[in-house]
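This report refers to the structure that appears directly beneath it.
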Amino acid sequence: MARPAAHWPLAAGISFVDWRLIPFAISIFVVGLAVAFLLGNLRNALQAGLGLVLAVGGSATVVYEIPGHSVAMLVFIPLEFAIGWVAGFAVRERAEEAEAAVVRATLAEQDRDAAARIAVAEERVRIARELHDIVAHAVSVMVLQVGAVRHKLPDALAEDRDALKGVERAGRTALAEMRGLLAAMRNDGEEAELLPQPGLDGLDSLLAQLGRAGLPVELHVDGEPFLLPRGIDLSAYRIVQEGLTNALKHARASQADVTVRYEPDELQIEVRDNGEGNSTSDGLGHGLVGIRERVKIYGGEMTAGTANGSGFILSTRLPLRRERP
């Protein structure tokens with residue numbers, strides 16, 4: 001601030017000695033305007049205010065020392081320098097607003113990234129709980145079957161019976177550890193789910209619920225349905241559920257179509273709605289995050305986006321080459 005501010009005290013001091021010592025009027029005017037602009041552009045509000053006083057007071061002093069000056073000169077010439085100061089102040093305000101906008105955008109992006117990471121972690125825990133539940137059910141069935149076979153073996157196969165007893169004991173131990181793990185993965189106060197995990201055979205009930213909530217849905221099944229691995233069956237159901245929930249709550253759709261296509265080596269799912277083309281979920285994209293995590297588990301593919309500027313299409317492909325029984 002010191003160098004630009006020194007202009008006006010110096011000019012005023014020279015005018016007290018002899019106003020004719022001041023360089024050409026045009027040059028002092030141009031330099032004075034530039035100085036006033038720089039003083040108005042100062043980030044420190046107190047220094048900028050002091051700069052306004054110096055610009056107006058210094059220019060008024062110089063004009064006053066000129067013999068034969070008029071009242072108009074005494075008023076309008078300092079006013080011109082005040083306008084220069086205001087221009088600098090406005091530029092500074094605009095620059096600060098732009099910087100603040102950049103900071104807000106950066107913070108918002110950081111918040112979105114943090115929210116996305118939290119959403120991914122929460123969805124992975126949810127998927128892990130569901131898959132652990134499926135595995136626990138499968139192990140439980142295996143233990144029961146081993147126990148039934150063991151009890152039917154005759155005494156002549158006592159060694160085989162003892163071996164099966166060891167398998168049964170290991171299975172029960174694994175079940176106990178898995179139940180403990182499932183309990184640890186639940187949030188505080190969260191109750192264990194007593195109902196079986198849903199699959200594609202529960203789509204009719206899901207679509208009926210959504211219809212009652214105000215979203216009519218048509219279901220299209222291509223190909224001959226066959227028994228799916230339990231994990232893929234559950235994930236397929238969750239994908240349809242999440243896609244339709246987003247269409248209802250966030251895209252404000254009035255109609256949706258679900259297509260389930262059975263291929264020999266993959267399961268294809270498409271959820272299409274006629275909403276506003278913004279059915280990503282709760283505003284942070286958590287719905288798509290969950291679907292993407294489920295698809296990633298099985299090495300599948302997912303695409304999502306607007307359909308010709310209207311509506312939203314969610315498409316997923318779940319490979320079955322290593323899962324189909």
Shortest non-hydrogen contact between Pro319 and Gly300, atoms and distance: CD-CA, 3.5 Å

Donor-acceptor check, side chain of Asn246 to backbone of Glu242, threshold 3.5 angstrom: yes or no? yes

To the nearest 0.5 Å, what is the distance between OG1 on Thr259 and CD on Glu270? 5.0 Å

Mind checking the CG-CZ spacing from Leu314 to Arg272? Nearest 0.5 Å is all I need. 11.0 Å

In chain order, what residues pass the side chain to side chain contact (heavy atoms under 4.5 Å, CB included) check against Pro225, with sequence neighbours excluded? Val221, Tyr262

Heavy-atom side-chain proximity of Leu203 to Val260 below 4.5 angstrom: yes

How long is the straight-line distance from CZ of Arg317 back to CG of Leu267, given to the nearest 0.5 Å? 10.5 Å

Between the side chains of Glu266 and Gln268, does any donor sit under 3.5 Å from an acceptor? yes

Contact check, side chains of Gln255 and Glu218, non-hydrogen atoms, under 4.5 Å: yes

Do Leu207 and Val217 come close enough that some side-chain heavy atom pair is under 4.5 Å? yes

Quick test of your reading of the model: are Lys165 and Glu168 salt-bridged, counting only N-O distances below 4.0 Å? no

Heavy-atom distance under 4.5 Å between the side chains of Pro198 and Leu234, does that happen here? yes

Check whether any side-chain N or O of Asp273 sits under 3.5 Å from a backbone N or O of Phe312 as a donor-acceptor pair, and report yes or no. yes

Check this for me: Glu159, atom CD, are more than 12 non-hydrogen atoms of other residues, nucleotides or ligands nearer than 6.0 Å? no

Please round to the nearest 0.5 Å and tell me the distance separating atom OG1 of Thr316 and atom CD1 of Ile239. 4.0 Å

Regarding Arg238 and Gln241, is there a side-chain donor-to-acceptor distance under 3.5 Å anywhere? yes

Under 3.5 Å side-chain donor-acceptor pair for Asn274 and Ser254: yes

How long is the straight-line distance from CZ of Arg104 back to CD of Glu97, given to the nearest 0.5 Å? 8.5 Å

Would Ile232 and Leu320 count as a side chain to side chain contact (heavy atoms under 4.5 Å, CB included) here? Give the steps. CA-CA 9 Å; Ile232 288 185; Leu320 301 174; 3.4 Å; yes

Given a cutoff of under 4.5 Å between side-chain heavy atoms of I, L, V, M, F, W and Y, with clusters grown through shared members, what are the other residues clustered with Val167? Val146, Val149, Leu153, Leu157, Leu164

Glu301 CD to Arg292 CZ distance, which is reported to the nearest 0.5 Å: 13.0 Å

Mind listing the closest non-hydrogen atom pair of Leu248 and Gly214 along with its distance? CD1-C, 4.3 Å

Provide the closest heavy-atom pair for Ala236 versus Ile269 in the form atom of the first, atom of the second, distance. CB-CD1, 3.4 Å

Could you tell me which non-hydrogen atom of Gly199 sits nearest to which non-hydrogen atom of Tyr237, and how far apart they are? O-CD1, 3.1 Å

